[in-house]
Amino acid sequence: MITSSSSPPPTLLSTPTKPSHTLSQRVHIPSHVYTHPSALLLELSPTLQELRQILPLVLKTGLYNEHLFQTKLISLFTKHGALADAVLVFNPIEPKIDALYHTMLKGYAKFSSLEDSLLFFRRMKLDSVRNVVYNFTYLLKCCGDNFELRRGREIHGQVIVNGFGGNVFAMTSVVNMYAKCRRIDDAKKMFDRMPERDLVAWNAIVAGFAQNGRAVRALELVLEMQEHGQQPDSITVVTVLPACADIGGLRIGRSIHGYVVRGALGSLVAVCTALMNMYSKCGMVGVARLIFDRMRERNVVTWNSMIDGYAESGDSEEAIKLFEKMMGEGFEPTDVTIMGALQACADLGDLRRGRFVHELAKETGLEADVSIRNSLIAMYSKCKEVDIAVKVFKNTKGRTLVSWNAMILGYAQNGHANEALNLFCKMCQEDVTPDSFTMVSVVSAVAELSILRQAKWAHGLAIRSCLGRNVFVVTALVDMYAKCSGVHIARKLFDMMDVRHVMTWNAMIDGYGTHGLAKSALELFEKMLRGDVKPNGVTFLCVLSACGHTGLVDEGLHYFNSMKHDHGLEPGLDHYGSMVDILGRAGRLYEAWNFIQSMPVEPGISVYGAMLGACKIHKNVELGEKAAERLFKLEPNEGGYHVLLANIYATASMWDKVAHVRKLMKRKGLQKTPGCSLVELGNEIHTFYSGSTTHPQSKRIYAKLLELGDEIKAAGYVPDSNSIHDVEDDVREQLLNSHSEKLAIAFGLINTSAGTPIHIRKNLRVCGDCHSATKYISLVTKREIIVRDMQRFHHFKDGICSCGDYW
DNA sequence: TTAGGGTTAG
């Protein structure tokens, strides 16, 4: 009989795996008690290295034939996952007792594939090994972990045949296997058939429902188990807390918290972690943090959960801080850690730290993991590094639907609508079935193209993919139709929806706003207030921008004030920016400036940008200079603001100041984003840049513009060349006449038949001269011209624009 | 040698 020493040196046992000590240093071996020194080592949780060192020794000695020693050795090797070494010991043993097989099977099930485990299991039958119940529990667990329903059913059959159908261990494993294979109803059937159900069995079925998205049922079962005399334990608690989080059941979550306190379960790491997770999922990340801070012991799941809690609640800065703290405390990051950190970097657009986390993923060997790669694609895309995202995507082995979705979204979010659609087609060619995430990205890519025909294609696609009723997809469709000048189709879709998300309302209100239909936007908003869906910060941005597009100053002020007073929403920088825009565009510049001075938060780019734009419209040099000064500090390298200031000076004929700004821009190497307009003809999109002559029809286009120029002048058009001064009059006109939207309009007129409306998409705001010219063009050509610029839609018809010259 | 249930994730 081999036993460990009755009183071994305590320091040795507390650090049994320290490799720097040799065997003889670690324990004093009284040779008269033990037949072989190796025997003792096996009792000391040896390292794999140590086991391998004694293996040759063991093979030579007589001890080798002791059953207990053999089984122990195999068990230790398999515990380390060293199956090959275990096989080395196992194969030459003759005769083999059953326990050897059982131990080997355990090793296979834990560390090898299901196939290998089943192969070994078959060999056991050939070798006439008697089956014990835990042979089946190992294999069932393996089936569940690998979602192998077919194999799982086979093993289930064998459990019955072998007479274990009434065994609570075996049947709990069967229940668990069906639940893991997403057959929760089969799991429940088996559970109901069990002759006796103990706490573990109840926990298994509760977990099954919780993990299959049946949160309410899981919670009901917790009540049922108590009616059957089973007291929920810490594992029950840890199992149902995620179910509470799923349904946002803060009240139930709190009552479970009470149960934890009463049952003194609050010192368990897993329990605290699950509680923390529940609170942050229910929007109480502060409470989660309190629990986190009070925990005496934390594991990697605790950290991951807290990091993710912050990332999900929008406090990405805190998520990163915590991640850095976790690394500082020496925790080894897992895939979930890296994913959480990458998401936080993505939300912050923090490329520097994003790269750092990527490096860390490389160092920890997690970089090849497909989930990590998906997060990397998302992070680089959010940081506007689409090329790097593409590289990661292309080098990803075993791409999942999530990988495709991340890349398609990455393209769509960075203005590469065509690439997004091309990648979507490629995905379909590879027989990957799109889901609602894919469809939302595809639909928003089409929205950016602003082509109604494409919009209808995307809509059809959504219906054919059986996603035509998914609330997120339909919300994207509403947004898309509004952006493709189909605002009435958008409303029809909106009215047909059974369930609407706050984003759905926002999309529709914003759609009305950008079309200058402020009255419809506000009516819809009031309707929303009468319903169940509460407005959020974005809703108010949409409402304010709708007011801004039509000059509804008093309404704007009213809604701005009601945001905090009636809805408890704190206005953000963008809301202040919108308010400055409303006041400024209405010409109430000093009021706007005072509004900025009274802001409780530090004004940002959106605020001063709105101010500067308003000063341009209303020709105010004094305030324009003040706003520009702040903007140049906040965003020194944005060419657009410099151009705005220069134009303000030009309007006031302050040419030396104009020259000064231009020089400043030259010194900094700044350029204004070039104007660009798109028009679709047939199946092709034609792109025009200001002054470009590269289009095959260029000559005809410029000739058409000359001809149109005469016609509209006769009708009353006067060129507005305020911002151009240092050239002759005819050159001024030429420069104005080569603006991208004019080129696009002329091209549209040449290539379409009389009466056809012309749709133009422009990347910047329409300039004053183009706006005036387009009105006259719509009059003399009797054409409807619809221009979607950066801010809104302009519907030109019979010499009038839908914006009422207010934009 | 000697069985079954749990927490983080687009």
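Treat the numbers as computed from the prediction; the structure is a model and nothing was measured. The sequence lines fix the lettering, A, B, ..., with proteins before strands; numbering per chain opens at 1.
Of the residues in residues 392-404 of chain A, those with a non-hydrogen atom less than 4.0 angstrom from any atom of DNA chain B are A:Val402. Within residues 205-216 of chain A, the residues that have a heavy atom under 4.0 Å from DNA chain B are, in order of number, A:Ala207, A:Gln211. Annotation: proximity of residues 165-192 of chain A to DNA chain B (heavy atom, distance under 4.0 Å) is found for A:Val168, A:Phe169, A:Thr172, A:Ser173, A:Asn176, A:Lys180, numbered in ascending order. Sorted by residue number, the members of residues 281-297 of chain A with any non-hydrogen atom under 4.0 Å from DNA chain B read A:Lys281.
For residues 215-242 of chain A, every residue pair satisfying the ring pair (Phe, Tyr, Trp, His ring centres under 6.0 Å) rule, not counting sequence neighbours, is listed here: A:Trp202-A:His228. Counting only residues at least two apart or on different chains, no salt bridge (Lys or Arg N to Asp or Glu O under 4.0 Å) pair has a member in residues 296-308 of chain A. Each ring pair (Phe, Tyr, Trp, His ring centres under 6.0 Å) pair with one or both residues in residues 329-349 of chain A, not counting sequence neighbours, appears once here: A:Trp303-A:Phe331. Contacts classified as salt bridge (Lys or Arg N to Asp or Glu O under 4.0 Å) and involving residues 192-215 of chain A (residues at least two apart or in different chains) are given here: A:Asp185-A:Arg214, A:Lys188-A:Asp192. Identified under the salt bridge (Lys or Arg N to Asp or Glu O under 4.0 Å) test for residues 95-107 of chain A, with sequence neighbours left out: A:Glu94-A:Lys96. Each salt bridge (Lys or Arg N to Asp or Glu O under 4.0 Å) pair with one or both residues in residues 263-272 of chain A, not counting sequence neighbours, would appear here, but there are none.
Inspection of the A:Asn414 and A:Ser381 side chains reveals no N or O donor paired with an N or O acceptor under 3.5 Å. In this structure, a donor-acceptor pair under 3.5 Å is present between the side chains of A:Thr302 and A:Thr273. For the residue pair A:His257 and A:Tyr279, a side-chain donor N or O sits within less than 3.5 Å of a side-chain acceptor on the partner. A:Asn277 and A:Lys281 share a side-chain donor-acceptor pair at under 3.5 Å. No side-chain donor from either of A:Ser371 and A:Asn374 sits under 3.5 Å from a side-chain acceptor of the other.
One atom, CD1 of A:Ile97, and another, P of B:dT2, lie 12 Å apart when rounded to the nearest Å. In this structure, CZ of A:Arg373 is placed 18 Å from C1' of B:dA9, rounded to the nearest angstrom. Taking atom CD1 on A:Ile307 and atom C1' on B:dA9, their separation rounds to 13 Å, with Å as the unit. Atoms CG (A:Asn304) and C1' (B:dA9) sit 9 Å apart, rounded to a whole Å. In this structure, CG of A:Asp198 is placed 12 Å from C1' of B:dA3, rounded to the nearest angstrom. In this structure, A:Leu100 places its CG atom 13 Å from C1' of B:dT2, rounding to the nearest Å. Put simply, CD1 on A:Ile377 is 11 Å from C1' on B:dG10, counting in whole angstrom units. As a whole-Å value, the separation of A:Leu241 CG from B:dT7 P is 11 Å.
Residues A:Gln231 and A:Leu199 approach most closely at O-CD1, 3.4 Å, considering heavy atoms.
Within the 4.0 Å cut-off from OP1 or OP2 of B:dG10, at least one side-chain nitrogen or oxygen of A:Gln343 is found. Listed pair A:Lys141 / B:dG4 fails the phosphate criterion, with no side-chain N or O lying under 4.0 Å from OP1 or OP2.
Here the side chain of A:Met339 is nearest to one of B:dG6, B:dG10, B:dA3, namely B:dG10. Checking B:dT8, B:dT1, B:dG10 against every side-chain atom of A:Pro242, the shortest atom distance belongs to B:dT8. Counting only heavy atoms from C-beta on, A:Asn277 has its side chain closest to B:dT8 among B:dG6, B:dA3, B:dT8. The side chain of A:Thr71 sits closest to B:dT1 out of B:dT1, B:dG4, B:dT2. Comparing B:dT7, B:dA9, B:dG6 by their closest approach to the side chain of A:Asn299 singles out B:dT7.
Within the 4.0 angstrom heavy-atom criterion, no nucleotide atom of any strand lies near A:Ser371. Within the 4.0 angstrom heavy-atom criterion, base atoms lie near A:Asp233. Using a 4.0 Å heavy-atom distance criterion, A:Asp369 is classed as making no nucleic acid contact. Using a 4.0 Å heavy-atom distance criterion, A:Asn405 is classed as a base contact. Note on A:Leu275: nothing from the nucleic acid sits closer than 4.0 angstrom, heavy atoms only.
A:Arg289 is linked by a salt bridge (charged side-chain N to carboxylate O under 4.0 Å, His left out) to A:Asp293, A:Glu318, counting only residues two or more places apart in sequence or in another chain.
By the stacking rule of 5.5 Å between ring centres and under 30° between planes, A:Phe437 stacks on the base of B:dG10.
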Give every donor-acceptor pair under 3.5 Å between a side-chain atom in residues 163-171 of chain A and any protein atom, sequence neighbours left out.
{"from": "A:Asn167", "atom 1": "OD1", "to": "A:Phe169", "atom 2": "N", "distance (Å)": "2.7"}
{"from": "A:Asn167", "atom 1": "OD1", "to": "A:Ala170", "atom 2": "N", "distance (Å)": "2.9"}

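Expressed to the nearest 0.5 Å, how far CG of A:Leu401 lies from CD1 of A:Ile408 amounts to 8.5 Å.
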